[in-house]
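Both backbone and side-chain heavy atoms feed into the values below; hydrogens, waters and symmetry mates do not. Below, chain A is the first sequence line, B the second, and so on; all start at residue 1.
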Number of protein chains: 2
Amino acid sequence: MVQYPTARLDVSFAALSDATRRGVLEQLGRADASITDLAQTFHMTLTGMRKHVGVLEQAGLVTTEKIGRVRTCRLGPRRLEDETAWIERYRQLWDSRFDELDKLVDELHWKENVHGPKSGE
Amino acid sequence: MVQYPTARLDVSFAALSDATRRGVLEQLGRADASITDLAQTFHMTLTGMRKHVGVLEQAGLVTTEKIGRVRTCRLGPRRLEDETAWIERYRQLWDSRFDELDKLVDELHWKENVHGPKSGE
DNA sequence: TGGATACTGAACCATACAGTTCAGTATCTG
DNA sequence: CAGATACTGAACTGTATGGTTCAGTATCCA
């Protein structure tokens, strides 16, 4: 059984669970931005935005660098590989689980066809 | 620009941000289970587990059905399509963003080669 | 130098969340 | 019927989250 970096998934999924933070990632996907830029986009105080950026940094999704007065934010090193991997595996489970259900349904149909009221189509 | 179902992403990413809940999904991927089953697996009270299952239900990742005393939990209708789509798009942004950076680096190299310390300036 | 700009840290607030206990209700089983 | 089982709802605890204000510090620019 593959072991996923559980704690890391906790923080990155949590980071993604906020619309503002997802928006920040999208904006940074277009161009680097300062805290002020981001705060303006999302109509929020600098302090508030700084916290969101902090969460994204913790998750490795954003890196920042302060030059002079300005902290510039850019997309970070992580590319959501583990998150994608987890979801992919989940989908496999999901598919196989529903295949099983399909089989059950088929079986029921078969029984119905053999023992049911209208045995010939 | 494609519009993602923001509120839905909020709740499903939040649902996934807890290791216990991800574990529940994995267990249900193997077989349906009662609240008692799940609570035992994760060493938790029934009440505690019921809450987690509630969160997963809200996110559409689990459905439950109570028959007699027993509430049976199974994987729900949602297959994390939207979540995958969001992450996919993010990866595209990430890639293009880093292509841009690569281009910048190339440009710097070029300038260095032309104007660098050894060739003039 | 002095004023505007960009950020930071501390403190605070309201709400949500993960978990518990406890006191039920409803259902099975002998 | 009695007792065990499976769950539920309310209430409580501690901690995290999303947001604010306010009082700074550091930097830039005229």
Query raised in the report: Atom CG of L16(A) to atom P of dT17(D): distance rounded to whole Å?
Result: 14 Å

Report task. Would you mind reading off the distance between R71(B) atom CZ and dT8(D) atom C1', rounded to a whole angstrom? Result -> 9 Å

Report task. May I have the distance from R50(B) (atom CZ) to dA10(D) (atom P), rounded to whole angstrom? Result -> 13 Å

Query raised in the report: Rounding to a whole Å, what distance do you find between E57(A):CD and dC7(C):P?
Result: 13 Å

Requested in this report: Ignoring backbone atoms, establish whether H52(A) has a side-chain N or O less than 4.0 Å from OP1 or OP2 of dT17(D).
Outcome: no

**Report entry** Whole-Å gap separating C1' (dT20(C)) and CZ (F42(B))
**Finding:** 19 Å

Report task. Apply salt bridge (charged side-chain N to carboxylate O under 4.0 Å, His left out) to E57(A) and R50(A), showing your working. Result -> CA-CA 10 Å; E57(A) 278 184 279; R50(A) 180 67 182 93; 3.2 Å; yes

Requested in this report: Would you kindly say whether S12(B) and E83(B) are connected by a side-chain donor-acceptor distance under 3.5 Å?
Outcome: yes

Report task. Using a 4.0 Å heavy-atom cut-off across all strands, classify G68(A) as base, sugar-phosphate, or nothing. Result -> sugar-phosphate

Query raised in the report: For R69(A) and T47(A), take the nucleotide of DNA chain D holding the closest heavy atom to each; which residue's nucleotide lies nearer the 5' end?
Result: T47(A)

Query raised in the report: In whole angstroms, how far is the P atom of dT15(D) from the CG atom of D18(B)?
Result: 17 Å

Query raised in the report: Do T64(B) and R71(B) get their side chains close enough for a donor-acceptor pair, meaning under 3.5 Å?
Result: yes

Report task. Show your reasoning for whether side chain to side chain contact (heavy atoms under 4.5 Å, CB included) applies to F13(A) and D18(B). Result -> CA-CA 8 Å; F13(A) 278 132; D18(B) 183 282; over 6 Å; no

Query raised in the report: K51(A) has a side chain; which of dG19(C), dA6(D), dG19(D) sits nearest to it?
Result: dG19(D)

Query raised in the report: For the side chain of T36(A), counting heavy atoms from C-beta on, which of dA6(C), dT20(C), dA6(D) is nearest?
Result: dA6(C)

Query raised in the report: Which whole-number value in Å describes the distance from R21(B) CZ to dA18(C) C1'?
Result: 9 Å

Query raised in the report: Once you round it to whole Å, what is the distance between P of dG19(C) and CG of L46(B)?
Result: 14 Å

Requested in this report: Please indicate whether Q58(B) has more than 12 foreign heavy atoms, meaning atoms of other residues, nucleotides or ligands, lying under 6.0 Å from its CD.
Outcome: no

Report task. Quick one: label I35(A) by what it contacts on the DNA or RNA (base, sugar-phosphate, nothing), any heavy atom closer than 4.0 Å. Result -> sugar-phosphate

Query raised in the report: Which part of the nucleic acid does S34(B) contact within heavy-atom distance under 4.0 Å: base, sugar-phosphate only, or nothing?
Result: sugar-phosphate

Requested in this report: Indicate, with a heavy-atom threshold strictly under 4.0 Å, whether K66(A) touches base, sugar-phosphate, or nothing.
Outcome: sugar-phosphate

